[in-house]
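Below: the structure, in structure tokens.
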Amino acid sequence: MIRIFDTVSLPLLRWLDAEDAHRLAIQGLKLLPAMRPAPDDAKLAVRAFGLNFPNPVGMAAGFDKNAEAPDALLRLGFGFVEIGTVTPRPQSGNPRPRLFRLERDEAVINRMGFNNDGADPVLRRLAARAHFGGIVGVNVGANKDSTDRVADYVRLIETFAPVASYFTVNISSPNTPGLRNLQQAAQLDDLLAKALEARDRVKQKSGDTPVLLKIAPDLSLAELDDVVHVARSRRVDGMIVANTTLARPRTLREQTRAKEQGGLSGRPLFRLSTRMVAETFVRVEGAFPLVGVGGIDSGGAALTKIRAGASLIQLYSSLVYKGLGLVESIKTDLASTLLRTGRDSLSEIVGADAATITAEDWPV
Ligand SMILES: Cc1cc2nc3c(=O)[nH]c(=O)nc-3n(C[C@H](O)[C@H](O)[C@H](O)COP(=O)(O)O)c2cc1C
């Protein structure tokens with residue numbers, strides 16, 4: 001079924017403008033028949049942040065910004081889906097074109113700018129599907145013209161707590177001017193204190209929803225020291241490493257496209273984001289689990305990310321080039337690695353290579 005979907009849709013979607021293709025993919029997913037997903041190999045199960053994930057492969061934020069198709073994505077085999085980024089009020093984002101494929105690099109540049117329907121319709125959609133279960137996280141952000149960004153995160157956490165499996169506090173999008181400043185220690189401390197207070201305020205009614213922090217891969221190691229210090233002292237439940245990068249590796253082949261402003265994702269992000277996972281892992285010292293994201297496009301890449309320190313992984317850009325069948329193929333590869341090495345679960349290898357990776361030359 002997925003193979004047919006990919007065979008028909010991939011060449012067609014690649015021929016369209018990138019944003020039109022994305023819109024069509026969401027519409028296609030909404031039409032997907034409600035079949036039951038094949039059960040996952042029990043060895044792929046992951047327990048993290050108090051949640052039981054059937055497998056570690058998640059849909060990264062930004063694909064289903066408005067919660068239009070989380071159940072279709074879960075049925076396609078994802079172990080969890082992160083919707084958003086959602087902002088309190090709807091916003092249209094940056095002018096088009098704002099999404100670009102770098103075909104020969106298997107990469108994407110986007111400067112979408114948090115285009116989304118705003119909290120109300122997204123909340124209605126999530127409430128309507130709540131009885132289906134499955135792990136659906138809500139990625140939250142501030143409106144571009146907000147006069148109190150921290151208040152935006154607080155309001156979203158209070159609003160979405162009854163329907164969110166977890167929250168991601170996104171302070172790492174490069175496309176909302178100034179948002180990344182929230183990664184600075186004093187601002188981050190204030191934001192996390194208030195975000196976690198909000199979660200605790202609604203705990204009675206909505207349970208103890210985990211709150212994760214999503215960071216940029218472009219932080220210096222001194223900045224990462226500060227971020228991890230604050231995240232640990234405020235006791236966040238986990239971190240997502242990482243968002244898109246503003247860097248443009250010299251090795252990019254699509255040099256003209258590479259000049260477009262925005263965040264780069266996909267294969268050229270793999271080494272930098274994996275290094276950041278390892279650097280975060282050694283600093284976190286087991287205080288909470290990490291989600292590794294950036295350039296995962298195969299079972300081997302997923303395994304490398306896990307060995308760098310990720311308990312869970314997410315992907316987005318590689319789906320553009322490899323199709324949705326990639327999810328099953330990553331899971332099959334992970335399960336066969338466990339079988340071949342006689343291990344019972346992926347938790348046994350999380351971070352196994354972190355120390356080695358952090359000793360390597362910095363990826364360029
Ligand atoms: C078109 C596009 C839109 C994105 N929108 C968001 C977003 O709204 N919020 C967010 O936290 N990350 C967003 N991301 C970043 C992804 O979640 C992910 O961190 C990044 O793309 C790296 O993973 P990948 O190389 O597998 O794509 C977006 C990525 C792309 C390509």
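Values in this document were obtained by computation on a predicted structure and should not be read as measured data. Whatever order the structure lists ligands and atoms in, that order sets their numbers, starting from 1. The residues of the chain are indexed from 1 along the displayed sequence.
Judged by the shortest distance from any of its heavy atoms, Ala242 lies inside the 4.0 Å radius around the atoms of ligand 1. Using a 4.0 angstrom heavy-atom cutoff, Ser173 does not count as in contact with ligand 1. The closest approach between Ser318 and ligand 1 stays at or above 4.0 Å for every heavy atom of the residue.
Contact annotation for Asn243 and ligand 1: heavy atoms of both the backbone and the side chain come within less than 4.0 Å of the ligand. Contacts of His22 with ligand 1, taken as heavy-atom pairs under 4.0 Å, are absent altogether. Here Thr168 has no heavy atoms under 4.0 Å from ligand 1, in either its backbone or its side chain.
Each of the following atoms of ligand 1 lies closer than 4.0 Å to a heavy atom of Lys65: 5 (N), 7 (C), 8 (O). The atoms of ligand 1 that sit less than 4.0 Å from any heavy atom of Asn170 are 9 (N), 10 (C), 11 (O). Below 4.0 Å from some heavy atom of Val293 lie the following atoms of ligand 1, by number and element: 18 (C), 19 (O), 22 (C), 23 (O). Near Leu315, meaning under 4.0 Å from one of its heavy atoms, ligand 1 places the atoms 26 (O). Near Gly294, meaning under 4.0 Å from one of its heavy atoms, ligand 1 places the atoms 22 (C), 23 (O), 25 (O). Close contacts between ligand 1 and Leu99 involve ligand atoms 1 (C) [criterion: under 4.0 Å to a heavy atom].
Considering only non-hydrogen protein atoms, atom 6 (C) of ligand 1 sits nearest to Gly62 CA, 3.4 Å. When hydrogens are left out, the protein atom nearest atom 12 (N) of ligand 1 is Lys214 NZ, 3.1 Å; that is the closest non-hydrogen contact. Scanning the protein heavy atoms around atom 21 (O) of ligand 1, the nearest turns out to be Ser265 CB, 3.3 Å. Of the protein's non-hydrogen atoms, the one nearest atom 26 (O) of ligand 1 is Tyr316 N, 3.0 Å. Summary of contacts: the protein heavy atom closest to atom 27 (O) of ligand 1 is Ser317 OG, 2.6 Å.
One finds a salt bridge joining Lys331 and Glu328 here, because a Lys/Arg side-chain nitrogen approaches an Asp/Glu carboxylate oxygen to under 4.0 Å. Between Arg96 and Asp20, at least one side-chain N (NZ, or NE/NH1/NH2) sits under 4.0 Å from a carboxylate O, which counts as a salt bridge. Taking a cutoff of 4.0 Å between a charged side-chain nitrogen and a carboxylate oxygen, Lys194 and Asp190 qualify as a salt bridge. Ion pair Glu197/Arg234 not flagged as a salt bridge, since none of the NZ, NE, NH1 or NH2 atoms sits closer than 4.0 Å to an Asp/Glu carboxylate oxygen. Using a 4.0 Å cut-off between charged side-chain N and carboxylate O, Arg125 and Asp64 make no salt bridge.
Judged purely by distance below 3.5 Å, without hydrogens or angles, the side chains of Asp148 and Ser146 never pair a donor atom with an acceptor atom. With no hydrogens or angles considered, a side-chain donor-acceptor pair links Lys305 and Ser273 at under 3.5 Å.
Side-chain atoms of Asn66 do not come within 3.5 Å of backbone N or O of Glu68 as any donor-acceptor pair.
With contacts defined as side-chain heavy-atom distances shorter than 4.5 Å, the pair Leu221/Arg283 qualifies.
Heavy-atom proximity to atom 22 (C) of ligand 1, evaluated over Leu269, Val140, Asp64, is greatest for Leu269. Evaluated by nearest non-hydrogen atom to atom 16 (C) of ligand 1, the leading choice among Ser172, Gly58, Ala61, Gly295 is Ala61.
Where the criterion is an N or O separation shorter than 3.5 Å, residue side chain and backbone included, Gly266 meets it with respect to ligand 1. At under 3.5 Å, a nitrogen or oxygen of Thr85, whether backbone or side chain, sits near a nitrogen or oxygen of ligand 1.
Crowding of Gln261 atom CD: a count of heavy atoms from other residues, nucleotides or ligands under 6.0 Å not exceeding 12.
Met239 and Phe49 are assigned to two separate hydrophobic clusters, defined by single-linkage of ILVMFWY side chains at heavy-atom distances under 4.5 Å. One hydrophobic cluster, built from ILVMFWY side chains closer than 4.5 Å, cannot hold both Leu51 and Leu126; they sit in different ones. Residues Met59 and Val138 are members of one and the same hydrophobic cluster, defined by side-chain heavy-atom contacts under 4.5 angstrom among Ile, Leu, Val, Met, Phe, Trp and Tyr.
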